[in-house]
Amino acid sequence: MENIIKAYELARESYQTLGVNTDAVLEKLKQIKISLQCWQGDDISGFLFKGQALSGGIQVTGNYPGAARNAEELRADLDMAFSLIPGKHKLSLHAIYADTDEKADLDELEPRHFASWVQWAKERGLGLDFNPTCFSHPMAASGFTISSADKKVQDFWVEHCRRSRIIGEYFGRELGQKAVTNFWFPDGYKDIPVDREAPRRRMKEGLDRVFAGEIDEEHNLNAIESKVFGIGAESYTVGSGEFCLGYAAKNGKAVCLDAGHFHPTEVISDKIPTVLMFTDELLLHVSRPVRWDSDHVVIFDDELLAIAQSLTRTGLLGRTHIGLDFFDASINRIAAWAIGARNMVKALLRAMLEPTGTLKKMELEGDYTGRLALTEELKTYPFGAVWDYYCMTMGVPVRETWLGAVKKYETDVLLKR
Ligand code: RNT
Ligand code: ZN
């Protein structure tokens, strides 16, 4: 503990020479919320339709023991995960995580089916976000949901989505923190379509119906997530990048940028400022695609830092909602949450510990030599000491000591499931 403080004090001095106030940075960092994805805890199984296979072109691989089997277990696991992540954050729920004994289908869900989650979040001061589940359901068997040409199928998903944003509004109102409801549709064709227009028209019309009569945008923000392709929908995706950006910009919705939903050399860090130039708010699904949209656990890599820099070097952090979207069943699921979320916070800290004003000035004046020299030297500044100090003062484990707590929980709880 003493060493952590000593190291922090030296680090503070180092950053001071650059004009960076580490104490002020940590105060600001405390305010940033990360939305943890509930689905990492049980491989996107949910509780509504037990045994239903995962569909929609996404895949969870691995069979690590201990996945949560019900809401109570998932909440216990989340409590454990949150205790390892500095700060007060949010939880993102999918519709299939409704906690109810009733037999309710997706087009029958109501806020009351999520009352236990709201109660739990209230007790902990957490926020909640929401997602309609437009996959893993017989009505999604054709590969099309809201853009289906079958009226019955489309109506079903419109109703599910309409109810979803009402559940999001309920979360926001109850918890006094705006919820984000994110709409992602797997709709697409495996092989080359003849008509690339009609499904998009149907998706647009479906969304218009979902958002008709929307009244309470103060408590809920609606976001639409694009994707370039999915497994089984390799040739055509209805909800493409242009579709979602166009729809959001024109209709006052937000775009959701998922790090794994673009061509392999495209990065969302570069899209953030552009998208926010034409929309008011933004949702991120921070993920790590390895060769495809594989949803690996987020690591502390260059793109994660670049995402953080896109937010902190601009005034865009306040208009961005940071959500995580990875699911790995080959490792301890709580460790996956802890690693990914700690890395997200760490990247934000690292991005905030730079003399952005000085760098921007160099850039404007054409001093590219200075810009490169300083950004490179910054990489070996004692940022780890600031991170350790932050963890310590926020009451969460410092460095890898969190792993011991997870291992113990694994023995005591997970392996007994
Ligand atoms: C799928 C999307 C979507 C899902 C979650 C479970 O490619 O990224 O966000 O991962 O809704
Ligand atoms: Zn996503």
Side-chain angles (χ1 to χ4, degrees), residues 7-34 86-87 255 257 259 262 264-288 298-324 340-391 393-394:
Y8 174 68
E9 280 167 355
L10 289 173
R12 179 165 53 193
E13 275 177 39
S14 298
Y15 282 105
Q16 232 155 31
T17 61
L18 294 169
V20 175
N21 179 338
T22 54
D23 292 330
V25 163
L26 293 183
E27 272 312 304
K28 223 170 130 194
L29 186 64
K30 264 186 216 165
Q31 314 302 320
I32 306 176
K33 289 179 190 291
I34 311 296
V255 162
L257 292 175
F262 297 89
T265 57
E266 280 184 87
V267 282
I268 64 166
S269 53
D270 185 53
K271 298 176 190 296
I272 291 168
T274 315
V275 169
L276 277 171
M277 205 160 292
F278 303 103
T279 54
D280 292 338
E281 291 178 72
L282 173 69
L283 172 64
L284 296 181
H285 267 187
V286 181
S287 190
R288 179 166 56 108
V298 165
I299 59 171
F300 195 67
D301 59 8
D302 287 351
E303 172 57 3
L304 187 68
L305 184 59
I307 290 169
Q309 286 165 337
S310 277
L311 301 175
T312 62
R313 288 175 171 172
T314 56
L316 303 176
L317 186 58
R319 288 161 56 199
T320 305
H321 304 266
I322 306 171
L324 301 177
R342 282 172 69 103
N343 278 335
M344 187 69 244
V345 180
K346 215 187 282 177
L348 288 160
L349 171 62
R350 169 79 190 274
M352 286 158 85
L353 289 173
E354 72 167 22
T356 308
T358 309
L359 289 167
K360 282 189 177 172
K361 191 163 171 283
M362 285 174 162
E363 185 163 277
L364 266 184
E365 290 170 354
D367 181 7
Y368 306 142
T369 309
R371 180 183 64 181
L372 185 60
L374 189 47
T375 48
E376 285 304 299
E377 289 302 333
L378 271 168
K379 289 180 179 171
T380 45
Y381 265 64
F383 134 81
V386 183
W387 168 247
D388 291 345
Y389 177 79
Y390 184 62
C391 288
T393 53
M394 294 299 279

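Computed from a predicted structure; not experimentally measured. In what follows, every heavy atom counts, from backbone to side chain, and hydrogens, waters and symmetry copies are set aside.
- Nearest heavy-atom pair across Leu316 and Ser310 is CD1-O, 4.2 Å.
- Under the 4.5 Å side-chain criterion, counting only non-hydrogen atoms from C-beta, Leu348 is in contact with Leu29.
- One N or O on the side chain of Lys360 and one on the backbone of Arg313 form a donor-acceptor pair closer than 3.5 Å.
- Considering only heavy atoms from C-beta on, Asp23 comes within 4.5 Å of Arg12 through its side chain.
- Contact check for Pro355 versus Tyr15: no side-chain heavy atoms found under the 4.5 Å cut-off.
- Side chains of Thr22 and Tyr8: a donor-acceptor N/O pair is present below 3.5 angstrom, by distance only.
- Here the side chains of Leu18 and Leu353 are not in contact, with every heavy-atom distance at 4.5 Å or above.
- Minimum interatomic distance between Val255 and Leu282 (heavy atoms only, all atoms of both residues): O-CD1, 3.4 Å.
- Residue-environment remark: NZ (Lys33) exceeds the threshold of 12 foreign heavy atoms within 6.0 Å.
- For the residue pair Asp270 and Pro273, the shortest heavy atom distance occurs at O-CD, 3.7 Å.
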Going through the distances and angles, do Leu305 and Lys379 end up as a side chain to side chain contact (heavy atoms under 4.5 Å, CB included)? CA-CA 11 Å; Leu305 184 59; Lys379 289 180 179 171; over 6 Å; no

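- For Phe383 and Phe300, the gap between ring centers is short of 6.0 Å.
- Comment: Arg319 does not engage Glu281 in a salt bridge, judged by the lack of any side-chain N to carboxylate O separation of less than 4.0 angstrom.
- In this structure the side chain of Arg371 never reaches within 4.5 angstrom of the side chain of Glu376, judged on heavy atoms.
- For the 3.5 Å distance criterion, the side chains of Glu303 and Ser269 qualify, holding a donor opposite an acceptor.
- In this structure, CZ in Arg350 is found 11.0 Å from OG1 in Thr312, a value given to the nearest 0.5 Å.
- In this structure, Pro86 and Trp387 have side chains that are in contact, with non-hydrogen atoms separated by less than 4.5 Å.
- Distance OG1/Thr375 to CD/Gln309: 9.0 Å, rounded to 0.5 Å.
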Under the side chain to side chain contact (heavy atoms under 4.5 Å, CB included) rule, what do Leu378 and Leu359 come out as? Steps first, then yes or no, please. CA-CA 11 Å; Leu378 271 168; Leu359 289 167; 4.2 Å; yes

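- Atom CE of residue Met344 and atom CD1 of residue Ile307 lie 6.5 Å apart, to the nearest 0.5 angstrom.
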Please determine whether side chain to side chain contact (heavy atoms under 4.5 Å, CB included) holds for the pair Leu257 and His285, giving the CA-CA distance in whole Å, both sets of side-chain angles, and the decisive distance to 0.1 Å. CA-CA 6 Å; Leu257 292 175; His285 267 187; over 6 Å; no

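- You'll find the side chain of Glu354 stays beyond 4.5 Å of the side chain of Val20, heavy atoms only.
- The shortest heavy-atom contact between Asn343 and Val298 is ND2-O, 3.1 Å.
- Taken to the nearest 0.5 Å, the CG atom of Leu374 stands 7.0 Å off from the OH atom of Tyr381.
- One N or O on the side chain of Ser14 and one on the backbone of Leu10 form a donor-acceptor pair closer than 3.5 Å.
- One finds the CD1 atom of Ile322 at 10.0 Å from the CG atom of Leu283 (value rounded to the nearest 0.5 Å).
- Tyr390 is listed as a side-chain neighbour of Lys30, based on a closest heavy-atom distance under 4.5 Å.
- Note that NZ of Lys271 is 13.5 Å distant from CG of Leu276, once rounded to the nearest 0.5 Å.
- Ala11 approaches Val386 most closely through the heavy-atom pair CB-CG2, 4.0 Å.
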